[in-house]
Amino acid sequence: MSTTDGKGQQEETIEIKKNIVIDGSPEVVFKAITDPNELTNWFPDQAVLEPKVGGKMKFSFYKKKSDESRRMDYFPEGTIIEFIPNKKLSYTWEHPNIPDFPRTVVTWELEKTENNKTTLKLSHTGFKVDKGEDKGFKEHDEGWTYFLTELAKYCEKRK
């Protein structure tokens with residue numbers, strides 16, 4: 001995928017796409033990804049998410065002494081750009097404390113399937129490729145794999 005930067009230059013971008021079936025209704029899953037009190041049970045250590053278009057999102061992930069793979073704390077933040085209850089959530093995702101991290105977009109799409117399960121499609125778009133460097137793509141790809149598994153476990157207990 002390629003996009004145009006502010007100067008009319010073409011930039012290569014890559015995206016993360018994940019699909020998972022969760023044993024829980026779209027209502028349970030949507031609440032787990034939008035309610036700050038539920039988010040902190042499976043995702044960030046602290047969460048702010050204003051559930052409306054234009055609302056703010058800010059997550060805090062703190063490095064734990066037992067987690068040597070994470071080099072620092074993370075504080076992604078953004079703005080809600082789409083909010084359709086029990087169906088879709090989309091927000092910008094920026095890291096103000098990480099130099100050169102691109103403005104990316106996270107989108108969660110939920111679809112009810114048989115037996116009151118939910119197919120969740122997550123995409124995280126806008127990662128730039130510059131001189132072979134992926135600007136955080138690999139870390140986010142691994143993080144989403146881990147956290148989607150945590151979300152599924154959390155929702156299965158909540159149904």
Side-chain angles (χ1 to χ4, degrees), residues 1 13-53 55-98 101-128 134-159:
M1 180 182 270
T13 61
I14 50 179
E15 64 185 81
I16 296 167
K17 286 186 173 272
K18 305 278 184 192
N19 294 322
I20 187 170
V21 175
I22 298 174
D23 189 5
S25 70
E27 294 79 11
V28 167
V29 176
F30 196 77
K31 188 171 184 191
I33 65 173
T34 59
D35 182 323
N37 294 321
E38 295 214 18
L39 276 160
T40 56
N41 286 301
W42 65 272
F43 192 32
D45 297 303
Q46 293 179 319
V48 172
L49 192 141
E50 299 171 344
K52 62 183 180 184
V53 171
K56 298 295 174 205
M57 174 283 293
K58 183 170 184 172
F59 298 145
S60 299
F61 296 89
Y62 298 108
K63 178 182 175 186
K64 296 167 183 65
K65 288 187 184 346
S66 62
D67 184 8
E68 292 306 316
S69 64
R70 189 179 311 161
R71 297 183 301 273
M72 59 189 222
D73 298 336
Y74 291 102
F75 304 102
E77 58 185 56
T79 303
I80 309 290
I81 51 180
E82 198 165 0
F83 190 90
I84 304 170
N86 307 320
K87 294 194 182 301
K88 190 172 186 181
L89 171 67
S90 188
Y91 45 76
T92 59
W93 179 281
E94 300 175 70
H95 284 285
N97 60 332
I98 299 177
F101 190 87
R103 180 179 184 263
T104 60
V105 175
V106 174
T107 301
W108 308 77
E109 294 182 80
L110 290 69
E111 183 179 319
K112 185 175 184 172
T113 59
E114 59 196 40
N115 300 323
N116 210 26
K117 294 183 180 183
T118 301
T119 297
L120 171 67
K121 294 177 183 176
L122 177 127
S123 65
H124 192 160
T125 62
F127 289 94
K128 294 182 177 24
D134 63 22
K135 303 291 185 196
F137 175 84
K138 182 178 177 217
E139 292 87 352
H140 283 79
D141 187 47
E142 291 170 357
W144 285 123
T145 298
Y146 172 79
F147 284 116
L148 287 177
T149 301
E150 294 300 300
L151 171 63
K153 287 188 231 173
Y154 178 73
C155 289
E156 287 168 15
K157 288 189 281 187
R158 304 280 299 158
K159 66 176 193 162

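Worth saying up front: this structure is predicted, and the values here are computed from it rather than measured.
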Looking only at heavy atoms, what is the nearest atom pair of T107 and S90, with distance? OG1-OG, 2.9 Å
Per side-chain contact (heavy atoms from CB on, under 4.5 Å), L89 is matched among I80, L122, L110, I81 by I80
Looking at every heavy atom in both T145 and K18, which two are closest together, and how far apart are they? OG1-NZ, 2.6 Å
With distance as the sole test, does E94 use its side chain to make a donor-acceptor pair with the main-chain N or O of R103 at under 3.5 Å? no
Please work out which of the three classes, parallel, tilted or perpendicular, describes the rings of H124 and F127, given edges at 30° and 60°. tilted
Once you round to the nearest 0.5 Å, how far does OG of S25 lie from NZ of K117? 13.0 Å
Presence of salt bridge, E156 and K153, under 4.0 angstrom: no
Please report the interatomic distance CD1(I20) to OG1(T149), rounded to the nearest 0.5 Å. 5.5 Å
Working to the nearest 0.5 angstrom, can you tell me the gap between K157 NZ and W42 CH2? 13.0 Å
How are the rings of F61 and W93 set to each other: parallel, tilted or perpendicular (split at 30° and 60°)? tilted
State, with a plain yes or no, whether a side-chain heavy atom of I16 is found less than 4.5 Å away from one of V106. no
Please work out which of the three classes, parallel, tilted or perpendicular, describes the rings of F75 and Y62, given edges at 30° and 60°. perpendicular
Does the T40 side chain pair with the main chain of P44, one donor and one acceptor, at a distance under 3.5 Å? no
Single hit among Y146, Y154, F147, Y74 for ring pair (Phe, Tyr, Trp, His ring centres under 6.0 Å) with F43: F147
Measure up the Y91 and W108 rings against each other and bin them: parallel (under 30°), tilted (30 to 60°), perpendicular (over 60°). tilted
Which residue in the set E82, K87, K121 passes side-chain contact (heavy atoms from CB on, under 4.5 Å) when paired with E109? K121
How about D45 and F59: do any of their side-chain heavy atoms sit closer than 4.5 Å? no
Are side-chain heavy atoms of I22 and L151 found at a separation under 4.5 Å? yes
Start with the C-alpha distance between K112 and T118, add both sets of side-chain angles, then the distance that settles side chain to side chain contact (heavy atoms under 4.5 Å, CB included), and finish with yes or no. CA-CA 5 Å; K112 185 175 184 172; T118 301; 5.6 Å; no
Do H140 and F101 come within less than 4.5 Å of each other through their side chains, counting heavy atoms only? yes
Under a 4.0 Å N-O cut-off, is there an ion pair linking R158 with E38? yes
Can you tell me how far apart NZ (K17) and CD (E15) are? Round to the nearest 0.5 Å. 4.5 Å
Going through the distances and angles, do I33 and F30 end up as a side chain to side chain contact (heavy atoms under 4.5 Å, CB included)? CA-CA 5 Å; I33 65 173; F30 196 77; 4.3 Å; yes
Taking atom NZ of K31 and atom CG of L39, what is their separation to the nearest 0.5 Å? 11.5 Å
Rounded to the nearest 0.5 Å, what separates atom OG1 in T34 from atom CD in E50? 13.0 Å
Does G126 offer a backbone N or O that forms a donor-acceptor pair with the side chain of T104 under 3.5 Å? no
